[in-house]
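To keep things clear, I will list the structure first and then write my remarks on it.
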Amino acid sequence: MSQVADAINLARDLAGVALCAVAAVFAVAGTLGMLLQKDPYTRLQASSLVGTTAAFSVLLAALVTAPSAAIAARVVVIIAFFLISNPTTTHIIAKYAWNSGITPRATPRDGKPETPEAGDDDD
Amino acid sequence: MTAVAFSWTIWIFAACAMAMTLRLVIGPTTVDRLTTLAAVSAIVLAILTVSGAVGARPAFLDVALVYDIFGFLGILAIATYTRAARPGAPPEGPR
């Protein structure tokens with residue numbers, strides 16, 4: 001019985017450490033994307049990466065290593081509200097950018113415009 | 001083991017938030033500043049939640065939930081009122 005409890009605690013610790021590693025990797029990647037990308041929409045996507053993936057991973061790590069049921073219940077409530085509010089925030093910012101008149105930098109894969117209407121200012 | 005991992009995660013998140021402040025300063029448009037605000041808000045929420053869960057302090061988690069709600073409402077208010085205050089903005093679609 002005690003061995004089962006020890007195994008469960010070890011599994012919780014390992015899951016917490018793995019989720020923390022995932023969160024750190026995605027946080028660094030999202031920060032680099034926010035600092036290096038050239039399009040406001042691309043930077044918004046990097047910010048959403050930090051918010052959703054990194055913060056959600058570390059919230060899950062806090063959930064699986066929660067020391068008591070009261071803390072676990074609060075973390076579940078925080079995760080539920082975070083999963084609603086963070087994509088909504090990203091959508092609000094994207095809508096704000098679109099209404100502000102910012103056009104996305106559309107670059108086709110082969111470097112040439114796909115239709116004559118898309119590349120109206122060259123040639 | 002988990003305490004060390006959570007401590008490293010908190011420091012990495014704090015470093016990321018400080019690096020994002022650079023984008024807040026040099027951001028050419030208001031969209032970049034709103035983007036930075038959303039990301040830093042998520043990072044601060046994660047740090048508060050981890051601090052409460054590691055130290056077994058449930059008050060931190062209540063503060064984190066209210067911080068999340070007010071961060072969302074703050075971004076919503078900024079996006080609404082700065083768009084309403086701009087005189088020459090087109091109503092829909094890109095220029």
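Basis for what follows: all heavy atoms, side chains included, without hydrogens, waters or symmetry-related copies. In the text below, chain A, chain B and the rest are named by the order of the sequence lines, each starting its count at 1.
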Mind ranking [options] by heavy-atom pairs under 4.5 Å with chain B and telling me who comes out on top?
options	value
A:Ala23, A:Ser48, A:Gly51, A:Ala94	A:Ala23
A:Val75, A:Thr88, A:Ile93, A:Leu59	A:Ile93
A:Ala70, A:Ala61, A:Ala66	A:Ala61

Report which part of [X] has an atom under 4.5 Å of a heavy atom belonging to chain A: side chain, backbone, both, or neither.
X	result
B:Ile43	side chain
B:Asp68	both
B:Thr9	side chain
B:Leu34	both
B:Thr36	both
B:Ile47	neither

When [options] are compared by non-hydrogen pairs under 4.5 Å with chain A, the top option:
options	answer
B:Ala5, B:Cys16, B:Ala53	B:Cys16
B:Ala42, B:Gly71, B:Ala15	B:Ala42
B:Ser41, B:Ala39, B:Ala64	B:Ala39
B:Leu65, B:Ile12, B:Leu76	B:Leu65

What distance do [X] atom [atom1] and [Y] atom [atom2] have between them, rounded to the nearest 0.5 Å?
X	Y	atom1	atom2	value
A:Leu44	A:Gln37	CG	CD	12.0 Å
B:Thr49	B:Leu61	OG1	CG	6.0 Å
B:Arg23	A:Met34	CZ	CE	7.0 Å
A:Thr31	A:Phe26	OG1	CZ	12.5 Å
B:Leu45	B:Tyr67	CG	OH	8.5 Å
A:Ile79	A:Leu60	CD1	CG	4.5 Å

For [X], is it the side chain, the backbone, both, or neither that has a heavy atom closer than 4.5 Å to a heavy atom of chain B?
X	value
A:Val50	side chain
A:Ala54	both
A:Ala46	neither
A:Ala27	both
A:Ser68	neither

**Prompt:** If you take all heavy atoms of B:Val40 and B:Ala17, which pair is closest and at what distance?
**Reply:**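 Nearest heavy atoms, B:Val40 then B:Ala17: CG2-O, 4.3 Å.
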**Item:** Atom CZ of B:Phe72: over 12 foreign heavy atoms under 6.0 Å
**Value:**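 Correct, the count exceeds 12.
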**Asked** Between A:Asn86 and A:Thr89, is any side-chain donor less than 3.5 angstrom from a side-chain acceptor?
**Response**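 Per modelled atom types, A:Asn86 and A:Thr89 side chains form no pair under 3.5 Å.
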